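Read the structure below first, then the notes.
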Amino acid sequence: MAKIGFFSPAELTDSQFHRISEFIQKNVGIKMPEEKRLMVQSRLTGRLKSLKMSNFDDYLNFAFSGTLEGSEEIALMINAITTNLTNFFRENVHFEYLTDTVLPELAQKNIKKVELWSAGCSTGQEPYTLSIVMQEFMKKNPGKIDDYSVYATDISSRVLDKAIDAVYPMSEVESLSLELKKRYFLKSKDTVNPSVRLKPEIRQKVSFDRLNFMAPSYPRTTEKNVIFCRNVLIYFDKPTQESVVRKLLEHLMPGGYLFLGHSETIFGMDLPLKTVGPTIFKKI
Ligand SMILES: C[S@@+](CC[C@H](N)C(=O)[O-])C[C@H]1O[C@@H](n2cnc3c(N)ncnc32)[C@H](O)[C@@H]1O
């Protein structure tokens, strides 16, 4: 293994890129066309640097060595390659629909505990937004819904660690109302890098788990009333998207709701879903 005293960025050759892209597409589902080569190169450069390796052949031989260290490196490779962009109340129309339509309907059906799943939860802003929305609904509609739980999953251990910490730069909550900020976030004392942390009552309702959508089936947890799987399918090819949605639907109650990202579609898929809003679907 070539070790170097200083670091100069290595180039990812065609064959090295194909080795990675085939592996990622097969095991993570993410499409890896040639246009992603530079992105992969730049994102994995940090891994080479940490391992003090000067070229991608050494890196790939190590990662794919079949050893325990290799499999740990593969997890870090996946962490580096996945795109984790997210924010609080992202695509807010979905949270409005949840508050105005879904929750009153569930309350009317006398469902006292609502089960939600944020599938592909990234650093936690989506499941914590769901937790805030539930608390707000319960506060404004006393006696309608008593309890809820949010199950949140992602493939990346790095984002899950951040999500569990629940600490975010102050800038991430700037667009939220003062009322929500005061009610659900604690402010750090650090004035140089101000941050916020979700209050325990919001965090305690969210449980995190590592789950790869490529798994043949998903863990048998309680059936869900609501599943958010947003801005994840976009990275997969059509057959993979359909297979993921099908597996998610096994965990959604009949009459439950599935929310996808705004640029995602189930068009052309033969699924027991009807469209009820912008990328909002109800299980038939
Ligand atoms: C762009 S983020 C979306 C976060 C959030 N749902 C939202 O809309 O703001 C996509 C997330 O999907 C996760 N992801 C990608 N491939 C996955 C897979 N095969 N299994 C589970 N999660 C995956 C990534 O790690 C990333 O955190």
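Each ligand, and each atom within it, is numbered from 1 in the order the structure gives. Numbers here are sequence positions counted from 1. If you're wondering where the values come from, they're calculated on a predicted model, not measured in any experiment.
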Take F95 and F228, measure what ring-ring contact (aromatic ring centres under 6.0 Å, His included) needs, and give me the verdict at the end.
CA-CA 10 Å; F95 299 104; F228 272 55; 5.3 Å; yes
Those atoms of ligand 1 less than 4.0 Å from some heavy atom in T82:
15 (C), 24 (C), 25 (O)
The atoms of ligand 1 lying under 4.0 Å from a heavy atom of E126, numbered in the order shown, are 5 (C), 6 (N), 7 (C), 8 (O)
Please could you name the atoms of ligand 1 that L211 approaches to less than 4.0 Å, counting only its heavy atoms?
20 (N), 21 (C)
Would one find an N or O of S156, backbone or side chain, under 3.5 Å from an N or O of ligand 1?
no
For ligand 1, which atoms, with element, lie under 4.0 Å from some heavy atom of N231?
1 (C), 2 (S), 3 (C), 7 (C), 8 (O), 10 (C)
Whether the Y148 and S131 side chains hold a donor-acceptor pair (N or O, under 3.5 Å, no angle test) is what I'd like checked.
yes
For the 3.5 Å polar cut-off, considering only N or O atoms, please tell me whether V28 and ligand 1 meet it.
yes
Would you check the N or O atoms of R90, main chain and side chain alike, for any that come under 3.5 Å of an N or O of ligand 1?
yes
Side chain or backbone, does D154 bring an N or O within less than 3.5 Å of an N or O on ligand 1?
yes
If only atom types and distance count, is the side chain of E115 paired as donor or acceptor with the main-chain N or O of E223 below 3.5 Å?
no
Using ring centroids (six-membered ring only for Trp), state whether F88 and Y168 fall under 6.0 Å.
yes
Sub-3.5 Å N/O-N/O distance, M214 and ligand 1
no
With no hydrogens and no angle check, is any side-chain donor or acceptor of T129 less than 3.5 Å from a backbone partner on F89?
yes
R158 side chain to I78 backbone, donor-acceptor under 3.5 Å
no
Quick check on contacts: which atoms of ligand 1 are under 4.0 angstrom from a heavy atom of R230?
3 (C), 5 (C), 6 (N), 7 (C), 8 (O)
Given L233, T83, V232, which has its nearest heavy atom closest to atom 2 (S) of ligand 1?
T83
I'd like the name of whichever of V244, T153, T86 reaches closest to atom 9 (O) of ligand 1 through any heavy atom.
T86
Parallel, tilted or perpendicular for F259 and Y257, by the 30°/60° rule?
tilted
Quick one: do K282 and E105 make a salt bridge, cutoff under 4.0 Å?
yes
Among all protein heavy atoms, pick out the one at the shortest distance from atom 14 (N) of ligand 1; state its residue, atom name and that distance to 0.1 Å.
I155 CG2, 3.9 Å
Check whether any side-chain N or O of N87 sits under 3.5 Å from a backbone N or O of Q125 as a donor-acceptor pair, and report yes or no.
no
Exceeds 12 heavy-atom contacts within 6.0 angstrom, atom CD of E11
no
Considering only the protein, which heavy-atom contact is closest to atom 20 (N) of ligand 1, and what is its distance?
F213 N, 2.9 Å
Within a distance under 4.0 Å of any heavy atom of S122, pick out the atoms of ligand 1 and give their elements.
4 (C), 27 (O)
Check this for me - ligand 1, G120, N or O atoms closer than 3.5 angstrom, yes or no?
yes
